[in-house]
Student: 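Structure in structure tokens, see below.
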Protein chains: 2
Amino acid sequence: MTDDERKFLEAYDASKFAGPLATVDMAIFCIRDDALHVLLIKRGNHPDKGRWALPGGFVDTRRDADTHATALRKLAEKTGIATPYLEQVVTVGSSNRDPRGWALTVLYFALIDHAALNPDSENVEDAEWVDVHEALTRDLAFDHRDLLTRAARRLADKARYSALPLKLLPAEFTLVETQRVFEILLGAPLEKKSFRRRILAADIVEETGRTRPSARRPAQLYRLTRDIQEDFAFPGLIHTKPALL
Amino acid sequence: MTDDERKFLEAYDASKFAGPLATVDMAIFCIRDDALHVLLIKRGNHPDKGRWALPGGFVDTRRDADTHATALRKLAEKTGIATPYLEQVVTVGSSNRDPRGWALTVLYFALIDHAALNPDSENVEDAEWVDVHEALTRDLAFDHRDLLTRAARRLADKARYSALPLKLLPAEFTLVETQRVFEILLGAPLEKKSFRRRILAADIVEETGRTRPSARRPAQLYRLTRDIQEDFAFPGLIHTKPALL
DNA sequence: TAAATAGTGTCTCTCAGACAGTATGGG
DNA sequence: CCCATACTGTCTGAGAGACACTATTTA
């Protein structure tokens, strides 16, 4: 850094510029009662007080090293879960989406295993797990209906060409359960043989050799062969029409 | 809106909260000399004065209705092009990417037809079209090397499963040119017959019945059957392994 | 009619879809 | 031994890859 640049930075006062409000919002998804659910929070403050909203809040430039940290902080506050799958969906910033002023929000979605939740957190009055289809019929705060639509569509798209939905399952899962998660996200039944052929060929799951107690023939339990992180490159688990070569 | 809420908003002063700096950066791509190029700007101001950077700037909450408008404004300033293909890539915000403070940038990429550029704009000293591979070897300002990597990867990914690269071509184009664009983006040769079968089956291009003058057999010219916008759902133009069903 | 590029015919092999069939547990 | 659910065998049809072949232009 040159002296010239050092002088410039000393004289620079970022607070002189009226930038937008910066927030992070989250669509936290889990599978529950054979359907995709999302966590909604009842707003306790103005604006839109009393309406249901996606969890979120302002970026805290003192506490959060980056937006990912903001998202993890919010997620831990609401669910107690520290290491979910977290993926940035989109950023929406405009002058009219928040009455407080020009507001910019970075939207994330998180995938969690419903069983990993603390059961105590179920009976909180201002938080509710809601079926995504029902949530989209509610009069959500701000533009959260749009945000939820985008997050849900992203997840459904990824079910088409990646193995990401595995992150909605517990550490050990059966292939029948896995297929069901994909069917829920895709909204269509899948062919059992094809599904199994592909997920096994993809080499992303392995048998544990264990089963869960069952009244019928118990299904083999599987686990991931490696962890799934954002930008992982698993082959998809459903057949998509080949691309335009 | 309730009286209660109105009172809250009147008392609200957004400038009291020290939010992050909010900027928009752009990777503007075109095909040139048989390679993917990106527009770089030499920074005239601190910080990182004199280093090459992606075009971009602060969100102007008075002029820009939303971040898309900021991106279009920047694009028009640098290229004079008003209606490119524009797509949001990612948002990066952290405390250490800009010495002026906690800075959040929304990254877009734009695809333009090189021939649509005003030739005058070629000889500007502080702007340069650079081969993307070369650009990534330069010591770019801030974290723009990371940003450019992400934008270029997104474009390459989309070449795999969408018809988006057609937006790098002029209004009329040949199938051989189209195939070449895909090959540049994918970094691998494609099978001519398969490519043609797929692009024609996709029903996204149609013959114009015209040709360009040529020293050899002239190629048929095609045009898009409909415009490509963000979130369009064209089938891809290359063969991808089917997803995990 | 030669050269060069545009564009096609057609074989093969892979694999998704379909679905009937077998396996394995508890009652 | 019956039932329900887990899991497999196998046929078929679609279509991607490969590549040799034909077509069309100028010189």
Side-chain angles (χ1 to χ4, degrees), chain A residues 34 159-163 169-170 172-183 186-223 234-245, chain B residues 34 159-163 169-170 172-183 186-223 234-245:
Chain A
D34 207 43
R160 229 172 292 282
Y161 60 82
S162 88
L169 291 161
E172 297 199 333
F173 48 85
T174 70
L175 296 191
V176 170
E177 288 165 355
T178 308
Q179 180 176 340
R180 186 64 199 135
V181 169
F182 276 84
E183 289 175 336
L186 296 169
L190 297 174
E191 208 47 52
K192 185 196 257 192
K193 190 63 203 285
S194 298
F195 186 86
R196 284 166 173 264
R197 246 193 318 234
R198 296 192 55 72
I199 196 169
L200 293 174
D203 196 33
I204 59 183
V205 296
E206 62 191 4
E207 282 193 18
T208 63
R210 309 197 305 139
T211 57
R212 275 197 292 262
S214 159
R216 306 294 167 205
R217 174 178 175 178
Q220 195 49 238
L221 285 171
Y222 287 78
R223 71 171 83 90
F234 279 171
L237 296 187
I238 68 168
H239 176 67
T240 44
K241 286 289 176 193
L244 172 78
L245 245 231
Chain B
D34 207 44
R160 230 171 291 283
Y161 61 82
S162 88
L169 291 162
E172 297 199 333
F173 49 84
T174 71
L175 296 191
V176 169
E177 289 166 355
T178 308
Q179 181 177 339
R180 186 65 199 133
V181 169
F182 276 84
E183 289 174 338
L186 296 169
L190 297 175
E191 209 47 51
K192 186 198 259 193
K193 190 64 202 286
S194 299
F195 186 86
R196 286 167 171 264
R197 250 194 316 236
R198 295 193 55 73
I199 195 168
L200 293 174
D203 195 34
I204 58 183
V205 297
E206 62 192 3
E207 282 193 17
T208 63
R210 309 197 305 137
T211 58
R212 275 196 293 261
S214 160
R216 305 293 166 206
R217 174 177 176 179
Q220 194 50 236
L221 286 171
Y222 288 78
R223 71 170 84 88
F234 279 171
L237 296 188
I238 68 168
H239 176 67
T240 45
K241 287 288 177 194
L244 172 78
L245 253 230

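Letters A, B, ... mirror the listed sequences (proteins, then strands); counts begin at 1.
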Student: Write down the distance between CZ (A:F195) and P (C:dC15), rounded to a whole number of angstrom.
Tutor: 18 Å
Student: Side chain of A:K193: nearest nucleotide among C:dT8, D:dG9, D:dG17?
Tutor: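 For the A:K193 side chain, the nearest candidate turns out to be D:dG9.
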Student: Figure out the CZ/C1' separation between B:F182 and D:dA16, and round it to whole Å.
Tutor: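 So the two atoms are 16 Å apart, to the nearest Å.
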Student: As a test of reading the structure: which of C:dG7, D:dA4, D:dA16 is closest to the side chain of B:R197, going by heavy atoms?
Tutor: D:dA16
Student: Expressed in angstrom and rounded to an integer, what is the separation of A:I199 atom CD1 from C:dC15 atom P?
Tutor: 17 Å
Student: Closer to the 5' end of DNA chain D via nearest nucleotide, is it B:A215 or A:R216?
Tutor: A:R216
Student: For residues A:R160 and A:L186, determine if any side-chain heavy atom of one lies less than 4.5 Å from a side-chain heavy atom of the other.
Tutor: yes
Student: Can a salt bridge be assigned to the pair A:R180 and A:E177 using a cut-off of 4.0 Å between side-chain N and carboxylate O?
Tutor: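 The answer is no: the pair does not qualify as a salt bridge.
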Student: How many Å lie between CZ on B:R212 and P on D:dT25, as a whole number?
Tutor: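 One finds 16 Å between P of D:dT25 and CZ of B:R212, rounded.
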Student: Quickly work out the B:L175 CG to C:dA6 C1' distance and round it to whole Å.
Tutor: 10 Å
Student: Show your reasoning for whether side-chain contact (heavy atoms from CB on, under 4.5 Å) applies to B:R212 and B:T174.
Tutor: CA-CA 9 Å; B:R212 275 196 293 261; B:T174 71; 3.9 Å; yes
Student: Could you state the atom-to-atom distance from CZ of B:R196 to P of C:dT10 in whole Å?
Tutor: 18 Å
Student: Atom NZ of B:K192 to atom P of C:dT8: distance rounded to whole Å?
Tutor: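 To the nearest whole Å, that distance equals 9 Å.
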Student: Once hydrogens and angles are ignored, does a donor-acceptor distance under 3.5 Å link the base of D:dA23 to the side chain of B:R217?
Tutor: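 Donor-acceptor pair under 3.5 Å: yes.
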Student: Select one nucleotide: of C:dG25, D:dT25, C:dA6, the one nearest the side-chain heavy atoms of B:A219.
Tutor: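 Between C:dG25, D:dT25, C:dA6, the one nearest the side chain of B:A219 would be C:dA6.
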Student: Evaluate A:R196 against A:V176 for side-chain contact (heavy atoms from CB on, under 4.5 Å), listing each step before the verdict.
Tutor: CA-CA 9 Å; A:R196 284 166 173 264; A:V176 170; 3.6 Å; yes
Student: Using whole Å, report how far CD of A:E191 lies from C1' of D:dA14.
Tutor: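 Rounding to the nearest Å, CD of A:E191 and C1' of D:dA14 are 16 Å apart.
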